[in-house]
Amino acid sequence: MLSVKFIKENPEFVVERLAVKNFDAKELVDAVCAISNRKNEIQQEMDQHKAEMNSISKQIGQLFQQGKAEEANAAKAKTASLKEAIKELEKEFGEKDVELTDKLTQIPNIPHESVPSGKSEDDNEVVTTEGEMPQLCEGAIPHWDLATKYDIIDWELGNKITGAGFPVYKGKGSRLQRALINFFLDEARDAGYMEIMPPLVVNEASGFGTGQLPDKEGQMYHITEDNLYMIPTAEVPVTNIYRDVILDEANLPIKNTAYSACFRREAGSYGKDVRGLNRLHQFDKVEIVQVQHPEKSYETLDQMVAYVTTLVQKLGLPYRILRLCGGDLSFTSALTFDFEVYSAAQEKWLEVSSVSNFEAYQANRLKLRYRPTGEKKPVLAHTLNGSALALPRILAALLENNQTPEGIKVPEVLVPYCGFDMID
RNA sequence: GGAGAGAUGGCAGAGUGGUCGAAUGCGGUGGUCUUGAAAACCAUUGUACCGCGAGGUACCGGGGGUUCGAAUCCCUCUCUCUCCGCCA
């Protein structure tokens, strides 16, 4: 969330910038300022009364020790009204605090100045388009049919065991998944990221820290009996490693990577674009996460984009990079670049990565700070993350683009990882 | 699942109603000494909020209560550990 201080110092700026996200923040910003001001007034009065109370209590203690019980009891009488006043102020203070947090969590992150305005994904800005469009052979078919033809993914079995959106990978399909995971993790390690194997289920505090809760809880599978959530991305556990942490400036940037299965309910997204591997309830992904100095986070974002570029290039997939417009930008992000690969049989661009700078928005929720060298006061760090990469759509594009009458060719970089060069 | 123990500052670990934001040790930082280092010694060392400032307030797992006063007593929740059972 945004800091109260920033909102109070720049209310017009916040409203103006959030308009780019098509978000009318006027009322919320006004409310935050008003509630915060009232809260401060209450605190001043409350603290004053508490100071007096503390002082009287201390005196009473001394009087008792000196054996002056009568005077002590007289002093006690004075405390009743004070006590009552404090209680009331505390109550109102608590209410204002809840209200303030409620309003704050409803205000999205401010978009970076480079974010184009726009309503939907149609307004995203194409930054780069690279790679050769594949020439498909006669009778080319989409990946869901290829997967069945070569018996590497069993859709029906997934339906039987769990339900739609939980495919079963078999034989070379399963091995190719494993190869992709290892390939991505090794690449990330070579790029300086430390590998993490996180829990796949998180508590409420973690969900709040990265911004999934309270608003987007419908997106996650909720284990109500234990009040735990299945992760929609490794971003959640890996970023929450640094919840309530004060880092040394010298330790920045922190670079972590993690493979995880990801679980998404995708409620309300039935219909188009859900065939085959295009949208699943469970999928595999390797994520990269960085914690960086505020002054260096955009430089880091560029580096992360450059890194993801190398991955799609090595896989030989035609890709394009989009700068998300305000309307398509997520609630918590300040700037996001999406990667899409071209899936030739579907004749569709498929999103395989989303690389974002959250600036201090997540950090403020997480209380993730660093201490500038030689200084006393901790400062909020910046967090960034990106998919590197999400597997299903990569697999879809690989299957469709590399199909030949003899079978599906495996990209060279993956051959050492999976141990075969052809799915036939 | 059954029984028990516990949750205190970066860590370890005292503290069972009143100058306790909290002893002590370790660690960290600064300094003295030293050619340099180690050792020793001295000093310092949490976070947040309010206030122009002086300063004030809060925080000893979370929440509630008793009391003039709570780390300390009571209730409640959560979590951790140990033993037994079960089990990859």
Side-chain angles (χ1 to χ4, degrees), chain A residues 1-9 32-104 197 199-209 213-214 222-229 237 240-252 254 261 360 363-381:
Chain A
M1 55 193 173
L2 300 176
S3 77
V4 178
K5 195 169 172 237
F6 182 82
I7 293 173
K8 285 171 81 172
E9 282 169 1
V32 164
C33 294
I35 295 166
S36 170
N37 287 338
R38 176 64 191 141
K39 197 182 146 199
N40 289 355
E41 281 173 19
I42 298 167
Q43 185 176 347
Q44 280 173 44
E45 200 180 341
M46 184 175 73
D47 283 358
Q48 209 177 326
H49 288 190
K50 280 183 175 176
E52 201 179 331
M53 191 71 154
N54 287 343
S55 150
I56 294 174
S57 292
K58 206 169 271 187
Q59 284 170 26
I60 291 174
Q62 285 167 352
L63 289 170
F64 271 122
Q65 275 171 358
Q66 291 161 16
K68 300 175 180 169
E70 246 175 72
E71 284 178 53
N73 284 323
K76 271 193 202 179
K78 289 194 290 188
T79 61
S81 61
L82 262 180
K83 212 177 169 181
E84 189 60 32
I86 289 171
K87 203 171 181 182
E88 267 174 45
L89 288 165
E90 268 180 340
K91 184 165 170 265
E92 197 186 347
F93 185 83
E95 286 167 2
K96 293 296 165 200
D97 193 52
V98 170
E99 273 179 55
L100 189 59
T101 306
D102 177 58
K103 299 293 180 196
L104 278 173
M197 194 176 274
L200 303 182
V201 173
V202 296
N203 59 27
E204 214 171 356
S206 293
F208 179 82
L213 297 174
H222 186 196
I223 302 162
T224 50
E225 191 162 7
D226 300 296
N227 198 25
L228 297 171
Y229 295 85
N240 271 282
I241 292 172
Y242 303 98
R243 173 154 47 85
D244 294 320
V245 165
I246 300 175
L247 296 158
D248 285 335
E249 184 175 13
N251 290 336
L252 299 177
I254 303 269
N364 194 32
R365 290 175 155 237
L366 293 159
K367 298 202 176 18
L368 192 193
R369 292 159 294 171
Y370 72 95
R371 197 185 308 279
T373 310
E375 282 179 45
K376 211 167 180 277
K377 209 167 165 51
V379 178
L380 290 173

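In what follows, chains are A, B, ... by sequence order, proteins preceding strands, each numbered from 1.
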Practice task
Check whether the side chains of A:N54 and A:S57 place a donor and an acceptor atom closer than 3.5 Å, and report yes or no.
Solution key: no
Rounding to an integer number of angstrom, what distance separates [N] and [M] when you compare their [atom1] atoms?
| N | M | atom1 | value |
| --- | --- | --- | --- |
| B:A54 | B:C75 | P | 44 Å |
| B:A58 | B:A71 | P | 10 Å |
| B:G27 | B:A12 | P | 15 Å |
| B:C33 | B:C11 | P | 35 Å |
| B:A40 | B:C49 | C1' | 42 Å |
| B:G13 | B:U8 | P | 9 Å |
| B:C68 | B:G17 | C1' | 12 Å |
| B:G15 | B:A88 | C1' | 44 Å |

Fill in the blank from the handout: Ranking A:M53 and A:K87 by the position along RNA chain B of their nearest nucleotide, the one closer to 5' is A:K87
Just so I know, are the side chains of [X] and [Y] near enough to count as touching, which here means a heavy-atom distance under 4.5 Å?
| X | Y | result |
| --- | --- | --- |
| A:L104 | A:V32 | yes |
| A:L247 | A:L368 | yes |
| A:K39 | A:Q43 | no |
| A:E92 | A:R38 | yes |

Watson-Crick or G-U wobble partner of [N], both distances under 3.5 Å:
| N | answer |
| --- | --- |
| B:A58 | B:U47 |
| B:C87 | none |
| B:U24 | B:A12 |
| B:U78 | B:A7 |
| B:U67 | none |

Length of the line joining [X]:[atom1] and [N]:[atom2], which is rounded to integer Å:
| X | N | atom1 | atom2 | result |
| --- | --- | --- | --- | --- |
| A:Q59 | B:U19 | CD | C1' | 13 Å |
| A:F64 | B:U19 | CZ | P | 15 Å |
| A:L82 | B:C68 | CG | C1' | 10 Å |
| A:E70 | B:C68 | CD | P | 18 Å |

Handout entry: Short side-chain to backbone donor-acceptor contact, A:T101 and A:D97, under 3.5 Å
Key = yes
Exercise for the section: Indicate yes or no for a side-chain donor-acceptor contact from A:N37 to the backbone of A:C33 under 3.5 Å, with no hydrogens or angles considered. Expected result: yes
Practice task
State which residue, out of A:V98, A:I7, A:I35, fulfils the side-chain contact (heavy atoms from CB on, under 4.5 Å) condition with A:K103.
Solution key: A:I35
Got a list of protein N/O to nucleotides 45-50 of chain B N/O distances below 3.5 Å?
{"from": "B:U47", "atom 1": "OP1", "to": "A:R371", "atom 2": "NH1", "distance (Å)": "2.6"}
{"from": "B:U47", "atom 1": "OP1", "to": "A:R371", "atom 2": "NH2", "distance (Å)": "3.2"}
{"from": "B:U47", "atom 1": "O3'", "to": "A:R369", "atom 2": "NH1", "distance (Å)": "3.2"}
{"from": "B:A48", "atom 1": "OP1", "to": "A:R369", "atom 2": "NH1", "distance (Å)": "2.9"}
{"from": "B:C49", "atom 1": "O2'", "to": "A:Q43", "atom 2": "OE1", "distance (Å)": "2.4"}
{"from": "B:C49", "atom 1": "O2'", "to": "A:Q43", "atom 2": "NE2", "distance (Å)": "3.2"}
{"from": "B:C49", "atom 1": "O2", "to": "A:Q43", "atom 2": "NE2", "distance (Å)": "3.0"}
{"from": "B:C50", "atom 1": "O4'", "to": "A:Q43", "atom 2": "OE1", "distance (Å)": "3.3"}
{"from": "B:C50", "atom 1": "O4'", "to": "A:Q43", "atom 2": "NE2", "distance (Å)": "3.3"}
{"from": "B:C50", "atom 1": "O2'", "to": "A:Q44", "atom 2": "NE2", "distance (Å)": "3.4"}

Practice task
Using a strict 4.0 Å threshold on nitrogen-to-oxygen distance, state whether A:K96 and A:E99 make a salt bridge.
Solution key: yes
Handout entry: Closest non-hydrogen atom pair between A:N240 and A:G209, with its separation
Key = OD1-CA, 4.1 Å
Problem - N or O in side chain of A:N54 less than 4.0 angstrom from B:A58 OP1/OP2 - result: yes
List, with names and distances, any nitrogen or oxygen atoms from the protein found under 3.5 Å away from nitrogen or oxygen atoms belonging to nucleotides 29-31 of chain B.
none

So what does [X] hit on the nucleic acid, given a heavy-atom distance under 4.0 Å: a base, only sugar-phosphate, or nothing?
| X | result |
| --- | --- |
| A:I60 | base |
| A:K50 | sugar-phosphate |
| A:A75 | nothing |

Fill in the blank from the handout: Sorted by chain and number, sequence neighbours left out, side-chain contact (heavy atoms from CB on, under 4.5 Å) with A:I246 holds for A:R369, A:R371, A:P378
